[in-house]
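Encoded as structure tokens, the structure appears first; notes follow it.
Whatever order the structure lists them in is the order used to number ligands and atoms, beginning at 1. All values below were derived from every heavy atom in this structure, side-chain atoms included, with hydrogens, water molecules and symmetry-related copies excluded.
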Amino acid sequence: MNNRLKEDNTASGWFGREPERRVDVFDKLDPEKGVTRPTGSSANMKIRAYAVEKMKEAGLDVRVDAVGNIFGRKNGVQQNVGAVMCGSHLDSVVNGGQFDGALGVFSAIEAVRRLEDEGYKNTRPIEIVVFTGEEGSAFGMTLLGSTALIGKMSYEEAAARRDQEGRTLKEALEYMGYKGDFVMDLDTVAYFVELHIEQGPVLFNKKVPVGIVENIAGIAWIYATINGEGNHAGTTPMKMRRDALTAAADIIKFVEKRANEMVDRLGSATVGTVGKLNVYPNGTNIIPGRVELGIDIRDVVSENMESLKQEVSAALKDLERKYGVSVDISLQPTHFPEPLAHEVIDVIEQSAGEVNIRSMRMNSGAGHDSQNIAKKVKTGMIFVPSVGGISHAPMEWTEWDDVENGVQVLTRTIKRLTQIREDGASMTLR
Ligand code: GLV
Ligand code: MN
Ligand code: MN
């Protein structure tokens with residue numbers, strides 16, 4: 001494959017790894033040590049700087065908006081037609097992999113470089129985008145930058161959100177040097193396409209190199225704090241306890257059991273996870289007085305996601321009666337399931353065929369900024385296989401041949417989309 005893209009994905013995988021080091025083959029992965037690049041961290045700042053440098057080298061005009069979303073524009077032969085936007089995110093989960101998000105950003109830059117190298121004149125402008133805070137690992141909700149970009153949350157509200165240290169997003173962006181004032185008007189964007197690793201086992205198991213996403217699952221996050229009474233583990237009789245962790249254990253089992261029951265009863269793709277747990281004060285000889293939980297509920301069918309969310313909220317409240325604790329519930333903004341645009345799906349499928357790469361249609365269980373952008377702009381997603389279906393973990397990997405397949409399909413797709421006329425007709429491609 002083209003070394004530039006491999007180099008970008010390897011060099012950027014250096015940032016947020018402890019200790020910082022290059023990983024360019026699967027065998028160099030360390031199951032304990034992935035990448036950690038939450039928004040506002042120095043690792044996030046470094047990978048942003050790396051990407052911006054590459055964008056500028058590719059001749060793009062770089063601008064930053066009020067929530068730190070980065071845009072890189074390549075003008076088209078025509079200026080007053082909707083742009084083709086393409087990109088992903090550079091933040092990561094805690095101890096995640098180097099391809100989640102970053103692959104989509106560097107592949108978009110590579111696609112522009114390849115079009116430039118072949119002297120291709122894009123009719124529509126191309127906008128590369130890096131979304132802020134896709135993972136929610138710092139500011140408490142996923143898809144933060146794109147949620148502000150589509151106007152579902154105001155820029156001010158997004159910038160005022162606080163991370164675990166109490167720092168606002170605005171302060172975090174100022175620290176990194178990415179608090180801008182550019183305003184991207186999505187009415188000037190005709191199409192959006194995001195290349196991403198699948199993060200699940202389907203393509204890898206089926207040995208199909210490219211997936212084309214039809215629907216993206218919705219995500220509902222519930223934060224709950226269970227307040228019991230911290231007390232001595234040796235002296236407090238069993239009948240006199242208000243153990244917050246015992247109550248939390250009840251809800252953890254409830255989420256798993258109900259999601260499983262929905263799958264069995266409805267044949268649905270429902271998933272429910274308690275992925276975050278903080279126990280206070282966290283001492284072996286102390287009855288836990290307070291527990292914080294982060295609960296993640298998803299489905300491609302809105303009603304299923306909503307019904308599990310309601311049930312879990314009710315079960316959380318019921319802990320008060322059962323365990324004598326008090327429970328505070330904070331529902332984060334829900335991202336609803338989103339179908340992607342048939343027009344873009346068709347173009348991706350056609351493009352994959354034209355570069356002789358096999359593809360299949362599928363759904364995405366992972367969340368993506370695409371599901372926000374799809375509310376305003378015709379959007380499509382290209383998936384490439386994740387080895388063993390592993391992601392959000394240090395062993396996340398995608399083979400370089402698959403990266404190359406993905407970028408070929410992406411480049412061809414961008415080429416096609418930039419040639420679609422305002423009346424929807426397609427021009428002949430070389
Ligand atoms: C984002 O990667 C998510 O699916 O949580
Ligand atoms: Mn991602
Ligand atoms: Mn992710």
TODO: Could you tell me whether the side chain of Glu303 and the main chain of Ser307 form a donor-acceptor pair under 3.5 Å?
DONE: no

Open item on the list: Test of geometry: compute the angle NE2(His89)-the Mn ion (ligand 2)-OD1(Asp100) and round it to 10°.
Closed with: 90°

Task: Name of the Glu135 atom (N/O/S only) found closest to the Mn ion (ligand 3) - done: OE2

Open item on the list: Among all protein heavy atoms in this structure, tell me which lies nearest to atom 5 (O) of ligand 1, with the distance rounded to 0.1 Å.
Closed with: Arg298 NH2, 2.6 Å

Open item on the list: Taking only non-hydrogen atoms of His368, do any sit less than 4.0 angstrom from ligand 1?
Closed with: no

Task: Location of contacts on His335 toward ligand 1, heavy atoms closer than 4.0 Å - done: neither

Open item on the list: Quick one: does any side-chain atom of Asp61 pair with a main-chain N or O of Arg73 as donor and acceptor, under 3.5 Å?
Closed with: no

Task: Atoms of ligand 1 close to Gly367 [distance to a heavy atom under 4.0 angstrom, numbered from 1] - done: 1 (C), 2 (O), 3 (C), 4 (O)

Task: Any N/O pair Thr142/ligand 1 closer than 3.5 Å - done: no

TODO: May I ask you to check whether His368 brings an N, O or S atom to under 2.8 Å from the Mn ion (ligand 2)?
DONE: no

Open item on the list: Using every non-hydrogen atom in the two residues, find where Ile420 and Glu343 come nearest and quote the distance to one decimal.
Closed with: CD1-OE2, 4.2 Å

Task: Distance under 6.0 Å and angle within 45° of ring axis: Arg37 vs Phe15 - done: no

- [ ] Validate the cation-pi geometry between Arg161 and Phe139: distance from NZ or CZ to the six-membered ring centre under 6.0 Å, angle to the ring axis within 45°.
- [x] no

Task: Closest protein heavy atom (residue, atom, distance) for atom 2 (O) of ligand 1 - done: Glu135 OE1, 2.9 Å

TODO: Provide the closest heavy-atom pair for Ser107 versus Val407 in the form atom of the first, atom of the second, distance.
DONE: O-CG2, 3.6 Å

Task: Tyr120 six-ring face occupied by Lys415 cation (under 6.0 Å, within 45°) - done: yes

- [ ] Could you tell me which atoms of ligand 1, counted from 1 in the order shown, lie closer than 4.0 angstrom to a heavy atom of Ala366?
- [x] 4 (O)

